[in-house]
Amino acid sequence: MIVSDERRALFIHIPKTGGASVEQVLRETLPDARTVGKERHPRLRRALQLDPGLAPYWTFGFVRNPWARMWSWWSMIDRWNRRLGPASGKPQTETDGTRAGNRLWRAVAEYADFEEFVLRGTEEIPRLAMTQRSFLHAGGKEADFTGRTEHLARDLAVVQEHLGLPVVAPPRRNSWSKGPWQEAYTAASRARIAEVYAEDIEAYGYEFR
């Protein structure tokens with residue numbers, strides 16, 4: 001989450017939607033950029049609990065095709081697991097950090113493959129089942145602008161122009177997935193994502209393609 005009091009703007013960072021790239025651009029172009037609380041990915045409702053004064057701020061975030069997003073999420077954690085996590089055979093620690101991972105990563109590392117990550121993970125780990133829309137609305141307040149990861153540079157330019165910032169292309173950050181994500185799915189895992197993220201699919205018009 002990034003706040004600019006000068007521009008009266010609030011960016012809600014949904015995991016695995018290109019938010020790291022957006023954050024970098026905002027920090028480089030907003031001298032007063034700040035965060036609220038210690039959570040990196042608070043939902044809008046939580047952000048307003050931490051700082052009620054943000055309620056009138058122009059709020060924005062980015063969303064992503066749920067099927068592509070889950071494959072990217074798994075790919076990131078699986079890469080860490082194979083290089084540094086339990087699957088690497090290297091000594092493990094319990095502290096956070098690139099080498100140690102975090103509680104979510106360690107929980108996911110126990111799943112045998114992507115299929116199990118989707119089918120069991122969305123049942124057992126609440127964070128994996130949070131819809132993207134739930135990040136961007138709180139009671140009667142909705143995000144003022146919702147961009148798409150699929151058109152990150154174009155939609156970020158809309159944000160920059162609205163805030164009176166120079167239009168700067170976002171850097172490529174945290175890109176872990178390889179190959180067509182469609183090939184990673186079985187009928188069961190595809191259906192599970194459609195069920196869990198039905199709200200996102202309806203709200204943002206995403207399809208399995």
Pick out which of W58, F145, F60 makes a ring-ring contact (aromatic ring centres under 6.0 Å, His included) with H162. W58
Before you tell me yes or no, could you show the steps for L44 and K141 under side chain to side chain contact (heavy atoms under 4.5 Å, CB included), namely the whole-Å CA-CA distance, both residues' side-chain angles and the distance that decides it to 0.1 Å? CA-CA 9 Å; L44 177 57; K141 181 174 175 60; 4.2 Å; yes
Do E115 and T186 get their side chains close enough for a donor-acceptor pair, meaning under 3.5 Å? yes
Are the side chain of H13 and the backbone N or O of H41 linked by a donor-acceptor pair below 3.5 Å? no
Side chain to side chain contact (heavy atoms under 4.5 Å, CB included) evaluation trace for D5 with R34: CA-CA 9 Å; D5 297 304; R34 65 179 177 90; 2.7 Å; yes
Between V63 and D200, is there a side-chain heavy-atom distance shorter than 4.5 Å? no
Heavy-atom pair with the smallest gap, counting every atom of E6 and D32: N-OD2, 2.9 Å
Are M130 and V196 joined in one hydrophobic group, where the rule is that I, L, V, M, F, W and Y side chains link up if heavy atoms are under 4.5 Å apart? no
Donor-acceptor under 3.5 Å (N65 side chain, E207 main chain): yes
Find out whether F208 and I193 are in side-chain contact, i.e. whether some heavy atom of one side chain is under 4.5 Å from a heavy atom of the other. no
One pair to check against side chain to side chain contact (heavy atoms under 4.5 Å, CB included): D78 and F117. What are the steps and the verdict? CA-CA 10 Å; D78 186 55; F117 168 69; over 6 Å; no
Would you say the ring centroid of Y206 lies under 6.0 angstrom from that of Y197? no
May I ask you to check whether over 12 heavy atoms, not counting those of R27, lie within 6.0 Å of atom CZ? yes
Is any side-chain heavy atom of L30 closer than 4.5 Å to one of R7? yes
Would you call the rings of W80 and W105 parallel, tilted or perpendicular, taking 30° and 60° as the class edges? tilted
Taking the six-membered ring where the residue is Trp, are the ring centres of W73 and F114 under 6.0 Å apart? no
Step-by-step side chain to side chain contact (heavy atoms under 4.5 Å, CB included) determination, R103 to R106: CA-CA 5 Å; R103 292 172 63 185; R106 291 193 168 277; 5.9 Å; no
Ion pair check, E195 and R192, cut-off under 4.0 Å: yes
Look only at the side chain of Q92 and the backbone of G85, and say whether a donor-acceptor pair between them is shorter than 3.5 Å. yes
Contact check, side chains of R69 and I14, non-hydrogen atoms, under 4.5 Å: yes
Can you tell me how the ring of W67 sits relative to the ring of W181, calling it parallel under 30°, perpendicular over 60° and tilted otherwise? parallel
Please give me the minimum heavy-atom distance between T29 and P166, naming the atom from each residue. CG2-CG, 4.2 Å
Backbone N/O of Y204 and side chain of R148: donor-acceptor pair under 3.5 Å: yes
Membership question, hydrophobic clusters at under 4.5 Å side-chain separation (ILVMFWY): are Y185 and V108 in the same one? yes
Can a donor-acceptor pair be found, under 3.5 Å and without considering hydrogens, that links the side chain of K16 to the backbone of W71? no
T59 side chain to D144 main-chain N or O, any donor-acceptor pair under 3.5 Å? no
